[in-house]
Amino acid sequence: MEKQIKNIFYAGAIQPDFISKSISNHSTKTDIGAHSIFLGQVRSDIIQDKKVAAIEYSSYEPMALEKMHELREQIFSKYQLTCMHIHHSLGIVPAGEICLFVFTSSKHRRDAIDACNEVVELIKKELPVWGKEIFEDGKHVWKASN
Amino acid sequence: MEKQIKNIFYAGAIQPDFISKSISNHSTKTDIGAHSIFLGQVRSDIIQDKKVAAIEYSSYEPMALEKMHELREQIFSKYQLTCMHIHHSLGIVPAGEICLFVFTSSKHRRDAIDACNEVVELIKKELPVWGKEIFEDGKHVWKASN
Amino acid sequence: MEITIVAFGQLAEITGKQSWKLQGIPDITALKQILETNFPAIKNINYQVAIDKKITKENAVLADQSTVALLPPFSGG
Amino acid sequence: MEITIVAFGQLAEITGKQSWKLQGIPDITALKQILETNFPAIKNINYQVAIDKKITKENAVLADQSTVALLPPFSGG
């Protein structure tokens, strides 16, 4: 059986309109009672007296997509989900913009909520993705793992 | 000191566009790193062989708003939140549409996620709100508490 | 001594009204007895009572002009 | 016997390249020694190694045409 590997990567900041379209796509699925959404937003942290203006994300994409496929199967075997959608930015995301969008849906709320929490942790821990924090002066540091 | 009681009620189904506007309103708050969103969606459950077409929500509004104000203070004293927004439908919400929108934001993800989970439970348990499940034939039952 | 009763959800359905006034009711226990006599179906509902928007688990004396809310089990969200 | 190395994040910065080929490297231990000799700053990074997209915690023999990825600590999300 062929694996259907879904692309999770999104060029640049994830737009709120994309999120609202994703939500309204579920209105025909009337067995859904609960959606849980996690959004990561780029913070303008102060590091060594300099302000982060943006994060540039890069990934080892083929490995990340294979890994995400495994995590997806793991989550679907553990929770009663109707669906799960994951979107992670690549490239530059300015401070204040959305870089991660995790969206789970289920009949009863505990499955959507618990699956969302768990997959956010797994994404941060297991996906080969790197954030480069770019300061207002153009210099950068590599984001510490979280 | 006057209490600032926020209105949480929204006439009819909560529109995805309203949700995306609410998200984009936070892009100027660049100390936020994480948003957690819970959405309740009306299910077309089958009850006694009949399909739910919509839920009509009613509330004892003055009491609900006072109670929500208390819950808000309780959550803000427990979690490091940047902000929290709650919207609950009143009136008719068709199956497939959104009836509850809970939105928490924080610097680090655990606060937003844990506060969102907790406030959803409190809303369901403590707010004087009632759902009337209306069938396709116009008859109804009162929604069981959850 | 007059109080206002407000009823919600299936309690408004059972009583046939959302709001009405009653005179001379000294406390919650007396109120419940009158309501359950007039509307026996109320006894099947696990309802709570709020005086002036505060839930009262115990019996409580009713002051003049207070508002008593009859609250069926909540089912919001 | 040729392998392809791909490097990411600060490891691409330290090595100055994102992808290159190496010949005659028998296993991961040998590869790490060569890399750490050529680019001593690598030793400061707590990096992982993946062979053909699978993370390898132990030493492992390198097959011809395999791709070895040098992965600094992940910081996505």
Side-chain angles (χ1 to χ4, degrees), chain A residues 13-46 51-55 82 93-110 112-114 116-118 120-121 123-124 143 146, chain B residues 13-46 51-55 82 93-110 112-114 116-118 120-121 123-124 143 146:
Chain A
I14 297 168
Q15 298 305 313
D17 276 357
F18 177 82
I19 297 168
S20 73
K21 283 199 190 75
S22 192
I23 293 168
S24 46
N25 284 343
H26 292 75
S27 66
T28 53
K29 297 191 176 177
T30 58
D31 54 336
I32 292 174
H35 304 289
S36 186
I37 293 175
F38 178 83
L39 301 174
Q41 181 168 305
V42 172
R43 283 199 313 266
S44 59
D45 281 352
I46 307 293
K51 199 180 199 177
V52 172
I55 294 182
T82 313
V93 182
E97 304 288 318
I98 306 295
C99 55
L100 174 62
F101 170 30
V102 174
F103 186 9
T104 54
S105 308
S106 59
K107 185 169 183 187
H108 301 291
R109 66 185 176 281
R110 286 273 35 110
I113 291 171
D114 294 344
C116 186
N117 291 349
E118 188 166 327
V120 167
E121 296 305 315
I123 285 168
K124 291 183 177 257
K143 197 166 177 279
N146 35 36
Chain B
I14 296 167
Q15 299 303 314
D17 275 357
F18 177 82
I19 298 167
S20 73
K21 283 200 190 76
S22 192
I23 294 168
S24 46
N25 284 343
H26 292 75
S27 66
T28 53
K29 297 189 176 179
T30 58
D31 53 337
I32 292 174
H35 304 289
S36 186
I37 294 175
F38 178 84
L39 302 174
Q41 181 167 307
V42 172
R43 283 199 313 267
S44 60
D45 280 353
I46 306 293
K51 200 181 198 176
V52 171
I55 294 182
T82 313
V93 181
E97 303 289 318
I98 306 296
C99 56
L100 174 63
F101 171 29
V102 174
F103 185 10
T104 55
S105 308
S106 59
K107 185 169 183 187
H108 300 291
R109 67 184 176 281
R110 286 272 35 110
I113 291 172
D114 294 343
C116 186
N117 292 349
E118 187 165 328
V120 167
E121 296 306 315
I123 285 168
K124 290 182 177 258
K143 197 164 175 284
N146 32 38

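Residue numbers start from 1 in every chain, and the chains themselves are labelled A, B, ... in the order their sequence lines are given, proteins ahead of strands.
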Can you tell if the side chain of K21(B) reaches within under 4.5 Å of the side chain of P16(A), non-hydrogen atoms only? no

Below 4.5 Å from any heavy atom of chain B, which atoms of I19(A) appear? Answer side chain, backbone, both or neither. side chain

Proximal component of S24(B), with respect to chain A [non-hydrogen, under 4.5 Å]: both

Can you run down the salt bridge (Lys or Arg N to Asp or Glu O under 4.0 Å) pairs that involve residues 29-43 of chain B, sequence neighbours left out, and say none if there aren't any? R43(B)-D45(B)

Heaviest contributor of heavy-atom pairs below 4.5 Å to chain B, chosen from G33(A), S22(A), P94(A), is G33(A)

If you look at every heavy atom in I32(B) and S105(B), which pair is closest and at what distance? CD1-CB, 3.7 Å

Side chain from CB out, backbone as N, CA, C, O: work out which of these in V52(A) comes under 4.5 Å of a heavy atom of chain B, or both, or neither. neither

Which bit of K107(A) comes within less than 4.5 Å of chain B, counting heavy atoms only: side chain, backbone, both or neither? both

Nearest non-hydrogen partners of A112(A) and A34(A), listed with the distance: CB-O, 3.8 Å

Name the member of V120(B), D17(B), N117(B) that forms the most heavy-atom pairs with chain A at distances under 4.5 Å. N117(B)

Structural part of L100(B) lying under 4.5 Å from a heavy atom of chain A: neither

Please enumerate all residues that pass ring-ring contact (aromatic ring centres under 6.0 Å, His included) together with F101(A), with sequence neighbours excluded. H87(A), F103(A)

Per-residue contact mode, S44(A) against chain B (heavy atom under 4.5 angstrom): both

Please give me the minimum heavy-atom distance between V93(A) and I98(A), naming the atom from each residue. CG1-O, 3.9 Å

